[in-house]
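Right, one structure below, let's go through it.
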Amino acid sequence: MNTQLLLPTKKNISLVGQALLTGNLVGIPTETVYGLAANALDGNAVNRIFAAKGRPADNPLIVHISDIDQIEKFSLVSEIPESAKKLMAAFWPGPLTIIMKKGCVPNEVTAGLDTVAVRFPSHVVTQRIITAAGCPLAAPSANTSGKPSPTTAAHVFHDMNGKIPYIIDGGACEVGVESTVVTTAGDVPVLLRPGGVTHEQLESVVGHVEIAHAVLERMNDGETAASPGMKYKHYAPSADVILLSGSSEQYISFVNEHISDNTAALCYDEDVDLIGGKTYSLGHKDNYEEQSANLFSVLRLIDEEGYNTIYARCPERTGTAMALYNRLIRAAGFEVMELA
Ligand code: AMP
Ligand code: MG
């Protein structure tokens, strides 16, 4: 199959809308990361997503809509809890996925769970594509399973060339990490994955929000994942990621002592000149949004350039840094080395 990269013109959006409605896969831009989309109401089309990504069948997908009314129109959920209504009013459209009890959604989408994840993206091109398709779109990130998520159309082309007919190029993703996932299907809202909407922002709207154990820690053997995606080593480049916990000074001296031709170091703009080996800056030191937006493209670039070890400084576990921490510990296989 020839994979075509298309600009988001009216003609191309209507072309991919028709392709989606009739069961084909399309790579689509969103404000978080690029998605690999299929008609969410067509189980066979959804199965093709799992095949193209090599995604484990027990990892459910997020259903994307372009209007809140589509939840009822397509009977996606059995009920909308009060907490979900408040979160929708505060954060939609935007980088927040809300889990509710499932309605009429194929089992392929929910991986057999009795809940469904729904998101209303803010990217105008995503909204236009969903509207052109005329159906909700199931879409996980458009990477090969386990690899860093794609934040440009070129990343999607790299992973999906020959496997899907179309990719719409909507430019680089603004948020750059996947959506925040919160479940409202239980008594208390639970944060399952940190993203562009922070834990603090969620709590400011619905009061106490629990943080699922797997957000910040490796899961125990035999533990059931509240969000199946959280259990996998994830977001990982081919190079080994060594995550180092300590002060900025400790990190810089460690890297300077351990550089070789095969190592690359993630760092901040302010530190580039203080580190001797090959550096890749994620952005300004205190700007975690900027660092999140750059993380996946930097990891992909380091792989392309052939390094076999990546040093990274361990971010804080709170606030806007939580999404970054959550991605980096998965990229590092949950190992953090303490710098003495
Ligand atoms: P991705 O779009 O590739 O980021 O993957 C979707 C994420 O949403 C995965 O981590 C899933 O585990 C999570 N997810 C989707 N549906 C559900 C659900 N019904 N319950 C819990 N987590 C879900
Ligand atoms: Mg993913």
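This is a predicted model, so every value here is computed, not measured. Atoms within a ligand are numbered from 1 in the order they appear, just like the ligands themselves.
In this structure, a donor-acceptor pair under 3.5 Å is absent between the side chains of Thr309 and Asp240. For the 3.5 Å distance criterion, the side chains of Lys53 and Ser145 fail to qualify, holding no donor opposite an acceptor.
What you find for Leu274 and Asn256 is that their closest heavy atoms are O-ND2, 3.0 Å. Closest approach of Val205 and Ala90 over heavy atoms only: CG2-CB, 3.7 Å. For Leu295 against Leu266, the heavy-atom pair with the smallest separation is CD1-CD1, 4.3 Å.
With respect to Arg300 and Glu305, no salt bridge is recorded, no charged nitrogen being found less than 4.0 Å from a carboxylate O. Salt bridge absent: Arg218 and Glu335 never bring a charged side-chain N and a carboxylate O closer than 4.0 Å.
Within the 2.8 Å limit, Ser141 places at least one N, O or S atom next to the Mg ion (ligand 2).
For the pair Leu61 and ligand 1, a heavy-atom separation below 4.0 Å is found. Taking a 4.0 Å cut-off on heavy atoms, Ser179 fails to register as neighbouring ligand 1. Under the 4.0 angstrom criterion for non-hydrogen atoms, Lys102 is not in contact with ligand 1.
For the pair Met1 and Pro165, the minimum side-chain heavy-atom distance is below 4.5 Å.
Ligand 1 places these atoms under 4.0 Å from at least one heavy atom of Ser141: 1 (P), 2 (O), 3 (O). Each of the atoms 18 (C), 19 (N), 20 (N) of ligand 1 lies under 4.0 Å from some heavy atom of Leu113. When each atom of ligand 1 is checked for a heavy atom of Pro140 under 4.0 Å away, the hits are 1 (P), 2 (O), 3 (O). Counting atoms of ligand 1 from 1 in the listed order, those under 4.0 Å from a heavy atom of Thr115 are 18 (C), 19 (N), 20 (N).
Note on Ile49 and Leu137: separate hydrophobic clusters, where clusters join Ile, Leu, Val, Met, Phe, Trp and Tyr whose side-chain heavy atoms are under 4.5 Å apart, directly or indirectly.
Geometrically, ligand 1 and Glu178 share no nitrogen or oxygen pair separated by less than 3.5 Å. On a distance-only criterion, Lys53 and ligand 1 share no N/O pair closer than 3.5 Å.
The residue from Asp58, Val63, Asn59, Ile99 that puts a heavy atom closest to atom 23 (C) of ligand 1 is Ile99.
At a 4.0 Å heavy-atom cut-off, ligand 1 touches Ala226 through the backbone alone. At a 4.0 Å heavy-atom cut-off, ligand 1 touches Arg55 through the side chain alone.
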